[in-house]
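The next block holds one structure in the form of structure tokens; read it before the comments.
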Amino acid sequence: MKKYILQSLVACFGILATVNAGNPDRAGGAGATQLLVNPYVRGVGLSGSNTASARGLESYYLNIGGLAYVKKMEIQASQTRYLVGTDIYINNFGIAQALGENGSGGVLGMAFSYWDVGSIPITTTEAPDMTLGTYTTQILNLGLAYSKTFSNSITGGLMVRYVSEGTANVNASGVTLDAGVQYQTALNPTKKIKKQDFRFGIAIRNLGPDFAYQGTGLSTNTTVTATGATRKTLFGSQPFNMPALANIGVTYDMRLDKGEETYDHKLSVSGNFNYNAFSSNITAIGLEYSFKNMFMVRTGYAHQEGNFSNSDYRTPQYGLSYGVGFNLPISDAGTALSIDYAYQPTVIFSGIHSIGLKLTLGNNN
């Protein structure tokens, strides 16, 4: 079974990459672009380079195959200050529950993301002076996922995500699909302390039918010239594509301890190639240093194909990202509380700040 799952994902990845990927001429042709913003803190600090090593709820954005590493339960909450100066906040919450002993029956997960963009003044052609009060937009994503370990080396998962965006009288909503696989192995199994030190990941994201806006907000009152009567006219909405993409990544863990009996110092090197159907491809690299799995520092860099200066970029993010994390053990059974922070610079406004809390029951490493 695992063989066919892996073959199917590779086939889907090949089709997406060959037919649609990396087409800057189609930039702006997709909607629901909030799906391209990572609300998970560790991945932000690594510039999204951790497709192969994202685990637990962090895998919801890059590769849902990593959800299978939850052994008991994981609860996560985070907030992102998006483009500081715009007062936009991304609030994110997730929970994952292992089925069976140590997740032998797979892992079920749910994640909810809500964008708070504040209040926006109402203006019309008759009243452009912002005296009509304010309105708010509603942007939310709800993902339900299942992931499973198929062998000591392979995990895979699927996620269905409900996407909704709009205002009180205009809304677009629909469903997208994510799928992902992770593979890991020890390149040197003769080590006294065996660790899985090479990881490979592949994922396809945001596959789904076109969306279109609907609602009374697309109507207007018009006057019939011949009779002087007023009629309500409804305008149609042009359907838009989902921002489909594929990720392929690798991670290599290096044990820095001098002795053979400890594994206190680890340096992980990650790389990811992002095939975008509606914009330029992105190549990302990242580094994470971990001390006893209790203190982590991270950095990453993402380069968008064909862009060689800040003014060329078609996304707000550019340059080096940074992050730090603390993993605080609570019990010998593996319960731990994690605190993470990340910063990502942007071409406009004052960057992106992300902070997150995670409670882990059971050892997910």
Side-chain angles (χ1 to χ4, degrees), residues 1-13 42-43 46 49-60 62-74 96-109 145-159 178-204 247-257 260-272 288 290 292-293 296 327 332-336 338 358 360-365:
M1 181 178 179
K2 64 186 180 183
K3 175 182 178 182
Y4 298 114
I5 292 175
L6 183 59
Q7 288 176 340
S8 298
L9 285 171
V10 171
C12 290
F13 169 77
R42 180 171 179 253
L46 292 169
S49 63
N50 55 321
T51 289
S53 55
R55 291 187 169 184
L57 290 166
E58 285 275 347
S59 64
Y60 257 78
L62 289 167
N63 186 343
I64 196 60
L67 185 68
Y69 288 98
V70 174
K71 299 305 180 185
K72 289 185 179 179
M73 178 181 285
E74 186 174 297
Q97 174 66 56
L99 307 177
E101 186 176 357
N102 291 326
S104 58
V107 178
L108 284 174
Y146 176 76
S147 187
K148 183 175 175 58
T149 299
F150 295 100
S151 72
N152 291 334
S153 300
I154 298 175
T155 63
L158 294 170
M159 176 172 62
D178 288 11
V181 165
Q182 288 184 344
Y183 170 82
Q184 63 175 12
T185 187
L187 296 183
N188 185 4
T190 61
K191 292 179 181 177
K192 291 183 179 180
I193 298 179
K194 290 187 178 181
K195 284 288 181 179
Q196 307 291 346
D197 52 18
F198 177 79
R199 310 177 201 177
F200 172 79
I202 184 171
I204 50 177
N247 289 323
I248 180 170
V250 295
T251 296
Y252 180 62
D253 297 333
M254 292 179 283
R255 190 174 69 90
L256 303 181
D257 295 41
E260 289 291 327
E261 304 297 330
T262 60
Y263 198 72
D264 293 340
H265 303 275
K266 180 176 71 173
L267 181 66
S268 299
V269 183
S270 300
N272 183 69
E288 180 183 71
S290 172
K292 292 187 175 181
N293 198 37
M296 288 76 68
N327 189 43
D332 294 337
T335 301
S338 301
K358 181 175 68 175
T360 302
L361 306 180
N363 189 353
N364 295 348
N365 294 315

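Heavy atoms only: backbone and side chains are in, while hydrogens, waters and symmetry mates are out.
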Testing the basics here: between [X] and [Y], what is the closest heavy-atom pair and its distance to 0.1 Å?
X      : Y      : result
Ser59  : Gly66  : OG-C, 3.6 Å
Leu57  : Glu74  : N-OE2, 2.8 Å
Ser268 : Asp253 : OG-OD1, 2.6 Å

Quick one: pull up [atom1] in [X] and [atom2] in [Y] and give me the separation to the nearest 0.5 Å.
X      : Y      : atom1 : atom2 : answer
His265 : Asp257 : NE2   : CG    : 5.5 Å
Ile202 : Asn247 : CD1   : CG    : 9.5 Å
Leu108 : Met73  : CG    : CE    : 11.0 Å
Ile248 : Phe200 : CD1   : CZ    : 4.0 Å
Leu267 : Ser290 : CG    : OG    : 10.0 Å
Leu99  : Lys148 : CG    : NZ    : 9.0 Å

Open item on the list: Closer than 4.0 angstrom, basic N to acidic O: yes or no for Arg255 and Asp264?
Closed with: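 Here Arg255 does not pair with Asp264 in a salt bridge, since their nearest N and O are not under 4.0 Å apart.
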Task: Donor + acceptor pair across side chains of Ser338, Asn327 (<3.5 Å) - done: yes
- [ ] Using only heavy-atom distances, determine whether the side chains of Ser49 and Asn272 contain a donor-acceptor pair under 3.5 Å.
- [x] no
Any non-hydrogen side-chain atom of [X] less than 4.5 Å from a side-chain atom of [Y]?
X      : Y      : answer
Asp197 : Tyr252 : yes
Val269 : Met254 : yes
Leu62  : Asn50  : yes
Gln182 : Asn63  : yes
Leu67  : Tyr60  : yes

- [ ] Applying side-chain contact (heavy atoms from CB on, under 4.5 Å), run through Tyr69 and Gln184 and close with a yes or a no.
- [x] CA-CA 12 Å; Tyr69 288 98; Gln184 63 175 12; 3.3 Å; yes
Whether the side chain of [X] engages the backbone of [Y] through a donor-acceptor N/O pair (distance < 3.5 Å, no angle test) should be reported.
X      : Y      : result
Ser147 : Gly156 : yes
Thr51  : Gly249 : no
Ser151 : Ser153 : yes
Thr149 : Thr155 : no

Open item on the list: The test is salt bridge (Lys or Arg N to Asp or Glu O under 4.0 Å); show your working for Arg42 and Glu288 and say whether it passes.
Closed with: CA-CA 10 Å; Arg42 180 171 179 253; Glu288 180 183 71; 3.0 Å; yes
Open item on the list: Before you tell me yes or no, could you show the steps for Met296 and Lys266 under side-chain contact (heavy atoms from CB on, under 4.5 Å), namely the whole-Å CA-CA distance, both residues' side-chain angles and the distance that decides it to 0.1 Å?
Closed with: CA-CA 9 Å; Met296 288 76 68; Lys266 180 176 71 173; over 6 Å; no
